[in-house]
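To start, the structure under review is shown below, and the notes come after it.
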Protein chains: 2
Amino acid sequence: MREGPDISRISSLIGDPARASMLTALMAGKALTASELAREAGVTVQTASSHLGKLERGGLLRLRKQGRHKYFSLAGDDVAHVLEALMGLAADAGHLRTRPGPKNAALREARVCYNHLAGDMGTRLFDSMMARQFLSQPGDDLTLSPGGVRFVREFGIDLDALAANRAPLCRECLDWSERRSHLAGSLGRALLHRIEELGWARRDRETRAVLFTPRGRNGFEELIAAP
Amino acid sequence: MREGPDISRISSLIGDPARASMLTALMAGKALTASELAREAGVTVQTASSHLGKLERGGLLRLRKQGRHKYFSLAGDDVAHVLEALMGLAADAGHLRTRPGPKNAALREARVCYNHLAGDMGTRLFDSMMARQFLSQPGDDLTLSPGGVRFVREFGIDLDALAANRAPLCRECLDWSERRSHLAGSLGRALLHRIEELGWARRDRETRAVLFTPRGRNGFEELIAAP
DNA sequence: CTCATGGTTCGACGCTAACCGAAGCATTAC
DNA sequence: GTAATGCTTCGGTTAGCGTCGAACCATGAG
């Protein structure tokens, strides 16, 4: 017996065809629900549930509960790295691109999620705030940094009024089109409200789309640009 | 159902404990016979024969017949790379097969990763070469800069002979203990070979450890010191 | 409240694959 | 030649795991 980490445990997890299909699907970087992964793997939801439990316990997947949905994503870059290396070895057929299923371009760009901004512009705002360290995520919860407080105040939001509310200020929310995080919570709602207040955008009556004016688009891009 | 490279086939091969032990043993870079690998895995020779057949048919092992012996070795750098990456994941989960001991310390400092230098000294060599811009990473691939060419030549390596080989010259390999990059590819192999040639170090018979002499250690530190 | 939906647990079935004993080749040693 | 060593093939046993149907729990909608 040689020394070294136990490879077989992890590898046997990836070694099942159904689980491999799930992991491959998650390589696109977007979180998927248990049902979607079941369909992806061609098994029933019961079977998928068993597989997903093993993958999560094995440390390959990260789980985020949201309502009655469970969103799974790869646990980290190192997992993706292993999968990529395995695909290189298995270089039989060329790999396949994913179809995101675009319904409405405007909806994917910007839309309302309950009461906050979602879609591409929502995730970009979130990413920008994370990159500038306006938000930090020490544990499971999001908190606003001092720099973030300044940023939000300068945008014209009354933070004290929000803090008085007992609803959580910052919450992370997963996108159905982008499958990436954006900002929810009372701050997320306030941000969208302020965007409408400034005349940057208005909500469509029929759909959940958020329609930006040219001027609003410029303002938004300026807002999320690095300092 | 998503088509793609069949990572489950390869991964299920690695996923068996006996086969994983064999592959781990072969990470030392030495070719081993079927009987030795059987002992390594703790199974009878019949069972090992079956496993080795599968591994060879699966493209993970290369076979060299010599008399009545069969020498097995890893099929290539890409296989070693996958195994190393898997060890990184497994070590992360804290499922080490053997508890850390004195032998383990030597392994962390310097060991063989298939045919090149890994461990602390491997990553330090890599870092030093990156810092002096001997290696550049424009896209995904590593390339040797003119300064790097000079450095390697002065160390006594015949670069032209390496370039004649169609195997990639520089490759990045991720360490399971350091979780940082070190140099693989034909250049990585040549560097380790030169280190042994100079009498700076020798490989341990039993483990993957690379044991440096005091003189070799001095030479190595001088080599990676900034100009 | 009731209904619908997403996900889990349980039990049973069936298939696969790892394992070893014994016998069979093949090659080298004497 | 015979003996010994290295490895493979064959049969048969066993254990594990993937799979699905059915029932169950939890959340959200109306």
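All values below were derived from every heavy atom in this structure, side-chain atoms included, with hydrogens, water molecules and symmetry-related copies excluded. Below, chains carry the letters A, B, ... as their sequence lines are ordered, and counting in each starts from 1.
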With no hydrogens and no angle check, just 3.5 Å: does a side-chain donor-acceptor pair link Ser128(A) and Arg132(A)? yes
Listed nucleotide nearest any side-chain atom of Gln46(A), set dT8(D), dT9(C), dC20(C): dT9(C)
Of the nucleotides dC20(C), dC17(D), dA17(C), which has the atom closest to the Lys54(A) side chain? dC17(D)
Check this for me, if you would: do Arg39(A) and Glu36(A) make a salt bridge, where the nitrogen-to-carboxylate-oxygen distance has to be below 4.0 angstrom? no
N-O pairing of Arg124(A) and Glu221(A) below 4.0 Å: yes
With distance as the sole test, does Arg150(A) use its side chain to make a donor-acceptor pair with the main-chain N or O of Phe134(A) at under 3.5 Å? no
Using whole Å, what does the distance between atom C1' of nucleotide dC17(D) and atom CD1 of Ile14(A) come to? 18 Å
Can you tell me how far C1' of dT27(C) sits from NE2 of His69(B), to the nearest Å? 9 Å
Does dC20(C) have OP1 or OP2 sitting under 4.0 Å from an N or O in the side chain of Thr47(B)? yes
Give the rounded distance in Å between these two atoms: CG of Leu32(A) and P of dG6(C). 15 Å
Round to a whole Å and report the spacing from CZ of Phe72(B) to C1' of dG6(D). 11 Å
To the nearest Å, give me how far apart CG (Leu63(A)) and P (dG6(C)) are. 17 Å
Length of the line joining Arg19(B):CZ and dC19(C):C1', which is rounded to integer Å: 12 Å
Whole angstrom is fine here: how far is it from CD in Glu36(B) over to P in dT5(D)? 16 Å
State whether Lys70(A) places a side-chain N or O below 4.0 Å from either non-bridging phosphate oxygen (OP1 or OP2) of dT27(D). no
Strictly below 4.0 Å: does Thr44(A) bring a side-chain N or O up to OP1 or OP2 of dC20(D)? yes
For atom CG of Leu52(B) and atom C1' of dT9(D), their distance in whole Å: 15 Å
Between Ser49(B) and His51(A), name the one whose nearest nucleotide on DNA chain D is closer to the 5' end. Ser49(B)
Assign Ser50(B) to base, sugar-phosphate, or nothing according to its heavy-atom contacts below 4.0 angstrom with the strands shown. nothing
Answer yes when Arg194(A) and Asp158(A) have at least one side-chain N-carboxylate O distance shorter than 4.0 Å, and no when they do not. no
Identify whether any heavy atom of Lys65(A) sits under 4.0 Å from a base atom; if not, whether one sits that close to sugar-phosphate; answer base, sugar-phosphate or nothing. nothing
Reckon Ala18(A) touches a base, only the sugar-phosphate, or nothing at all at heavy-atom distances under 4.0 Å? sugar-phosphate
